[in-house]
Amino acid sequence: MEGSHEDNGTIVGHIICNKAVVKKGNRVLPVLNFGPLNVLPEYQRRGVGWALIRAMIERAKRIDYGAILFFGRPEYYPRFGFKEADVYGIADAEGYNYLSFMAMELKEGYLKEVYGGKYFESDIYDDERNRETVRAFDREFTNG
Ligand SMILES: CC(C)(COP(=O)(O)OP(=O)(O)OC[C@H]1O[C@@H](n2cnc3c(N)ncnc32)[C@H](O)[C@@H]1OP(=O)(O)O)[C@@H](O)C(=O)NCCC(=O)NCCS
């Protein structure tokens with residue numbers, strides 16, 4: 001799932017979402033992850049990021065996701081209702097918690113059954129695995 005915000009045909013902001021899971025014992029609970037979210041510098045602080053996040057949350061609810069988890073700036077996202085993942089008892093894949101690891105339930109109580117579980121992102125973020133694919137993609141724009 002992805003979305004963008006346009007101004008006269010120019011894409012000024014962009015957000016990408018992926019499938020992720022929280023695992024606790026044998027339970028594998030699907031959740032939504034997002035990132036990156038980017039807004040062109042000259043368009044920042046005008047509500048573009050806000051619009052993209054709100055649109056993502058609404059769409060995620062419509063397609064029945066129960067929660068969103070992600071890594072991001074802890075000073076920006078709490079205004080949307082995101083909390084530290086620790087509040088839901090969820091750690092990252094290595095078992096750690098920190099301010100930039102955040103979560104939000106879209107359905108109340110959705111994360112309860114994986115309290116004490118760990119969060120695993122899509123392997124689309126696996127740099128090693130995807131390095132050559134990314135380079136090939138970049139070459140389409142640089143002729144090199
Ligand atoms: C973070 C980002 C997505 C926010 O988008 P945005 O459209 O500027 O945000 P909004 O207009 O909806 O919200 C404005 C608020 O965001 C925060 N903010 C926006 N840009 C910021 C910046 N460059 N530095 C610090 N805070 C910033 C501020 O709190 C601001 O509120 P304020 O103007 O009252 O201080 C955007 O700044 C960006 O693309 N940054 C570079 C890439 C990045 O950091 N992405 C997020 C990775 S988690």
Side-chain angles (χ1 to χ4, degrees), residues 1-7 10-142:
M1 181 164 92
E2 73 176 320
S4 59
H5 192 88
E6 293 186 20
D7 179 30
T10 302
I11 293 176
V12 300
H14 183 248
I15 187 167
I16 295 177
C17 300
N18 292 289
K19 293 176 179 177
V21 294
V22 179
K23 295 183 184 174
K24 166 94 185 292
N26 292 330
R27 186 74 179 104
V28 180
L29 191 71
V31 296
L32 191 68
N33 160 262
F34 77 90
L37 163 68
N38 291 301
V39 176
L40 283 181
E42 58 271 35
Y43 283 88
Q44 288 176 9
R45 301 196 140 144
R46 297 194 207 169
V48 175
W50 173 271
L52 285 167
I53 296 278
R54 293 304 321 166
M56 171 193 67
I57 291 170
E58 289 315 309
R59 195 181 298 185
K61 283 181 184 168
R62 275 207 307 277
I63 59 176
D64 214 30
Y65 272 93
I68 301 174
L69 284 91
F70 69 104
F71 304 106
R73 291 169 172 244
E75 71 278 17
Y76 183 58
Y77 295 100
R79 70 191 73 186
F80 300 97
F82 291 102
K83 299 175 186 163
E84 269 187 78
D86 197 27
V87 169
Y88 298 101
I90 298 168
D92 72 8
E94 275 79 45
Y96 296 110
N97 281 99
Y98 30 85
L99 289 176
S100 59
F101 177 32
M102 286 171 270
M104 176 167 37
E105 286 185 335
L106 304 177
K107 297 177 189 171
E108 202 180 330
Y110 182 77
L111 295 171
K112 263 187 193 157
E113 62 176 303
V114 290
Y115 194 95
K118 288 182 181 173
Y119 169 68
F120 296 86
E121 289 187 310
S122 159
D123 65 7
I124 200 167
Y125 293 111
D126 183 340
D127 290 346
E128 287 305 321
R129 182 184 286 204
N130 292 309
R131 188 154 293 163
E132 189 41 46
T133 310
V134 171
R135 282 195 185 126
F137 182 73
D138 283 349
R139 281 198 291 272
E140 292 175 27
F141 300 94
T142 60

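All residue numbers refer to positions in the sequence shown, counting from 1.
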Item to check | Inter-residue atom distance Leu106.CG - Lys61.NZ, 0.5 Å rounding | outcome: 6.5 Å

Checklist entry - Considering all heavy atoms of both residues, which atom of Leu32 and which atom of Ala60 are nearest to each other, and what is their separation? => result CD2-CB, 3.6 Å

Checklist entry - Does the Lys19 side chain pair with the main chain of Ser122, one donor and one acceptor, at a distance under 3.5 Å? => result no

Item to check | Lys107 side chain reached by Asp64 side chain, heavy atoms, under 4.5 Å | outcome: yes

Next on the checklist: By the definition ring-ring contact (aromatic ring centres under 6.0 Å, His included), identify the one residue from Phe71, Phe70, Tyr65 that meets it with Phe34.
Outcome noted: Phe70

Item to check | Leu40 atom CG: more than 12 heavy-atom contacts under 6.0 Å | outcome: yes

Item to check | Side chains of Leu37 and Met56 in contact at under 4.5 Å (non-hydrogen atoms) | outcome: no

Next on the checklist: Under the side chain to side chain contact (heavy atoms under 4.5 Å, CB included) test against Tyr119, which residue among Val21, Val114, Val22 passes?
Outcome noted: Val22

Item to check | Residues Glu58 and Arg54 bridged, charged N to O under 4.0 Å | outcome: yes

Item to check | Closest heavy-atom pair and its distance - Glu113, Lys24 | outcome: O-CG, 4.1 Å

Checklist entry - Parallel, tilted or perpendicular: which describes the rings of Phe80 and Tyr77, with under 30° parallel and over 60° perpendicular? => result tilted

Next on the checklist: Looking at every non-hydrogen atom in both residues, tell me the closest pair between Glu105 and Lys112 and how far apart they are.
Outcome noted: OE2-N, 4.1 Å

Checklist entry - Taking C-beta and beyond as the side chain, do Val12 and Arg46 meet within less than 4.5 Å on heavy atoms? => result no

Checklist entry - Would Leu69 and Leu111 count as a side chain to side chain contact (heavy atoms under 4.5 Å, CB included) if you check the C-alpha gap in whole Å, the side-chain angles of each, and the deciding distance to 0.1 Å? => result CA-CA 11 Å; Leu69 284 91; Leu111 295 171; 4.3 Å; yes

Next on the checklist: So, taking the atom named CD1 in Ile57 and the one named CG in Leu52, what distance separates them when rounded to the nearest 0.5 Å?
Outcome noted: 11.0 Å

For residues 81-93, which side-chain donor-acceptor pairs fall under 3.5 Å, sequence neighbours excluded?
from	atom 1	to	atom 2	distance (Å)
Asp92	OD1	Glu94	N	2.9
Asp92	OD1	Gly95	N	2.9
Asp92	OD1	Tyr96	N	2.8
Asp92	OD2	Tyr98	OH	2.6

Checklist entry - Between Phe120 and Val28, is a side chain to side chain contact (heavy atoms under 4.5 Å, CB included) present by the stated rule, with each step listed? => result CA-CA 10 Å; Phe120 296 86; Val28 180; over 6 Å; no

